[in-house]
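Each remark here refers to the structure printed beneath this line.
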Protein chains: 2
Amino acid sequence: MHAIVQTDPHNNRALELQKVDVPQLKPGEVLVKIHAAGVNRADLNQAAGNYPPPPGESDIIGLECAGVIADPGDTQRTTGEEVCCLLAGGAYAEYAAVPEGQLLPIPDGYSLTEAAAVVEVACTVWNNLGQIAKISAGQRVLIHGGAGGIGSFAIQLAKAQGCEVAVTAGSAEKLEYCRKLGADMLFNYRQDDWSKELKNSVDTILDVVGGPYLEGNIRALAPEGNLITIAVQGGRKAEVNLGLLMMKRLTIRGTTLRSRPRKDKAAIVASTLEHVWPLLANGSIKNHIHATLPLAEAARAHELLDSGEVSGKLVLEV
Amino acid sequence: MHAIVQTDPHNNRALELQKVDVPQLKPGEVLVKIHAAGVNRADLNQAAGNYPPPPGESDIIGLECAGVIADPGDTQRTTGEEVCCLLAGGAYAEYAAVPEGQLLPIPDGYSLTEAAAVVEVACTVWNNLGQIAKISAGQRVLIHGGAGGIGSFAIQLAKAQGCEVAVTAGSAEKLEYCRKLGADMLFNYRQDDWSKELKNSVDTILDVVGGPYLEGNIRALAPEGNLITIAVQGGRKAEVNLGLLMMKRLTIRGTTLRSRPRKDKAAIVASTLEHVWPLLANGSIKNHIHATLPLAEAARAHELLDSGEVSGKLVLEV
């Protein structure tokens with residue numbers, strides 16, 4: 001089969017379509033013939049050498065795809081079934097071996113290409129906001145990077161749960177995009193003092209910035225508030241005042257999806273299917289695709305995402 | 001009535017027995033004639049001016065007591081009923097006004113004096129280990145300050161839940177005391193590199209040290225581990241690596257009991273009664289009383305607790 005191979009580990013754009021072996025199935029896995037693969041920021045980190053695949057997983061880039069089952073392996077699935085998949089790696093390819101627990105049906109009304117771009121973001125956002133923070137109607141949720149793939153999905157999910165949604169983004173255009181998705185309070189982080197405006201009022205924060213936002217996030221949280229850090233795009237380290245954490249009874253969590261055991265992923269996928277797939281089918285959540293490129297142009301897709309000019313998702317088609 | 005009054009706010013030992021008004025009952029409160037009051041480290045912080053009572057609560061020191069109901073107010077309780085009480089303040093006195101939800105029965109086999117010293121520690125430890133961290137059999141729990149009032153109770157509660165218990169303390173004598181309470185792994189923090197020995201292995205940490213231990217606590221935690229900070233005796237601030245929190249999927253929490261709404265306290269008290277009172281009655285958890293002093297000697301009790309030479313609890317008798 002063909003897959004994207006990084007030909008120079010020191011060059012994050014040295015991504016070429018090459019011939020590689022079709023993956024061997026392990027027990028409980030199915031072989032999926034890939035139609036399209038979603039592009040995620042984590043893929044850029046992997047190409048930059050900062051996010052190696054978990055032990056035992058494919059070293060091909062790509063955390064989500066959609067396609068048809070080409071070989072059901074030892075499972076009860078059927079050849080030809082259309083699926084979308086949460087992967088620990090291997091999506092930038094013609095075929096991927098996928099644990100059965102990480103298969104989802106194509107959401108009603110979605111094309112395979114649209115479905116390929118929704119799995120990772122849906123599982124990540126639902127796991128963090130729904131299962132961990134347990135957001136509920138009437139709560140205030142702050143989403144940093146509201147115009148990104150995670151952010152734009154999180155805005156819609158939080159609104160669908162009846163929350164009031166505050167967002168940060170870096171331009172008036174991005175904030176307008178967030179407003180159209182349902183965001184109630186818009187902060188341009190280049191101009192606005194969001195942590196002062198939101199002081200002691202936010203129940204849950206979904207953060208992708210990390211260190212530079214920690215103090216502001218703690219200030220913005222209401223008593224008993226939750227901060228969930230899922231990326232550290234601005235840096236890893238910051239000073240924390242544990243006395244403040246006590247006084248406000250706050251919780252700070254770091255989470256990742258990719259490194260979790262397959263059993264956990266299967267549970268997250270099942271919960272996402274139950275709670276999020278109906279919201280995709282009825283249009284409460286739309287997953288905007290910014291652009292679709294051929295698989296061979298993975299490097300260009302990464303360049304585009306790195307530019308910061310993307311609102312929504314990029315997809316690679318095989 | 002008589003109560004301990006701090007006659008000089010700048011002198012933490014200026015604690016004198018003086019005449020003050022008997023507290024007025026608000027709706028849902030009972031008047032308790034106090035037999036004895038437990039001494040807690042938080043009381044020392046209040047006398048030092050660092051831990052003022054929550055708004056609307058008594059400014060008399062003291063977070064727990066036992067005695068008899070002298071006036072049931074508008075509740076269905078009966079005069080003469082023996083109770084022990086979780087308070088936001090007011091225990092160093094002859095009478096206290098107590099919300100009904102913060103009353104507990106005297107544990108089977110306990111004297112009033114013994115009961116006065118068990119409420120705050122039982123509710124604090126159960127809320128953090130049982131309700132928040134949800135410790136369960138087979139997990140490893142690390143308790144810092146194992147020989148203190150909180151620590152010695154936490155060791156026994158974690159053992160009663162089937163956990164493996166690691167502790168830190170500052171002397172061989174204190175560690176021997178922890179061992180007798182059931183601790184499995186003993187670390188003298190003056191000599192041992194506990195965070196290296198426990199690296200990546202601890203499911204839940206109950207911490208009273210704060211800033212200076214944060215890096216070591218994060219190192220000691222296993223994937224998905226919980227750090228709960230309930231005091232910052234060593235300092236409030238520390239650098240935190242949010243990238244590490246993500247990679248290990250850790251949770252850091254700060255909690256306090258005193259500042260919580262009465263509704264929350266009532267729920268904590270009810271859960272503590274259900275889960276911990278049977279362990280007191282059957283002897284699974286013993287609450288060691290180090291010494292009993294007359295109420296008038298509150299200053300001497302504070303001096304004793306400050307000395308660091310106390311293993312177990314101090315009680316003031318009216």
Side-chain angles (χ1 to χ4, degrees), chain A residues 42 45 50-52 54 124 127-128 131-133 144 205 207-215 217-218 221-261 263-265 268, chain B residues 42 45 50-52 54 124 127-128 131-133 144 205 207-215 217-218 221-261 263-265 268:
Chain A
N45 295 339
N50 300 325
Y51 196 43
T124 297
N127 178 236
N128 285 294
Q131 298 183 280
I132 296 175
H144 291 302
I205 301 176
D207 184 39
V208 292
V209 177
Y213 275 18
L214 182 59
E215 187 179 348
N217 283 334
I218 289 174
L221 284 173
E224 310 262 344
N226 278 296
L227 166 63
I228 304 184
T229 297
I230 61 168
V232 286
Q233 292 171 21
R236 296 165 170 262
K237 295 186 179 179
E239 187 178 81
V240 61
N241 181 334
L242 295 167
L244 257 180
L245 251 57
M246 282 176 54
M247 276 168 53
K248 293 173 74 171
R249 305 189 300 281
L250 304 182
T251 301
I252 299 179
R253 285 188 185 82
T255 75
T256 58
L257 183 53
R258 187 187 195 186
S259 64
R260 301 179 83 144
K263 184 168 64 69
D264 289 11
K265 282 185 184 163
I268 293 166
Chain B
N45 294 339
N50 300 326
Y51 197 43
T124 298
N127 177 236
N128 285 294
Q131 298 183 279
I132 296 175
H144 291 302
I205 300 176
D207 184 38
V208 291
V209 177
Y213 275 19
L214 183 58
E215 187 180 348
N217 283 335
I218 289 173
L221 283 174
E224 310 262 344
N226 279 295
L227 166 62
I228 304 183
T229 297
I230 60 168
V232 287
Q233 292 172 20
R236 293 165 173 263
K237 295 186 179 178
E239 187 179 81
V240 62
N241 181 334
L242 294 167
L244 257 179
L245 251 57
M246 281 176 53
M247 276 168 52
K248 294 173 74 171
R249 305 190 300 279
L250 304 182
T251 301
I252 299 179
R253 283 188 185 82
T255 75
T256 58
L257 184 53
R258 189 187 195 186
S259 63
R260 300 178 83 144
K263 185 169 62 71
D264 289 10
K265 282 185 185 164
I268 293 166

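These numbers come from a predicted model, not from an experiment. Order of the sequence lines fixes the chain letters, A, B, ..., with proteins taken first and strands second; residue numbering starts at 1 for each chain.
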Electrostatic pair R236(A)-E239(B), nearest N-O below 4.0 angstrom: no
Under 4.5 Å from a heavy atom of chain B, the part of I252(A) involved: both
Toward chain B, the part of R260(A) with a non-hydrogen atom under 4.5 Å: both
Could you look at D264(B) and say if it's the side chain, the backbone, both or neither that has a heavy atom under 4.5 Å from chain A? side chain
Bottom line for L214(B): the part with an atom under 4.5 Å from chain A's heavy atoms is side chain
Of all residues at least two apart in sequence or in a different chain, which pass the side-chain contact (heavy atoms from CB on, under 4.5 Å) check with P223(A)? R249(A)
In terms of heavy-atom pairs under 4.5 Å with chain A, which of G210(B), G211(B), A238(B) leads? A238(B)
Among T256(B), T255(B), V240(B), which residue has the highest count of heavy-atom pairs closer than 4.5 Å to chain A? V240(B)
Top residue by heavy-atom pair count (under 4.5 Å) with chain B, among K248(A), E224(A), M246(A)? M246(A)
Distance from T251(B) atom OG1 to R253(A) atom CZ, nearest 0.5 Å? 4.5 Å
What distance do N217(A) atom CG and L242(B) atom CG have between them, rounded to the nearest 0.5 Å? 9.0 Å
Under 6.0 Å from the CD atom of Q233(B), do we count more than 12 heavy atoms belonging to anything else shown? yes
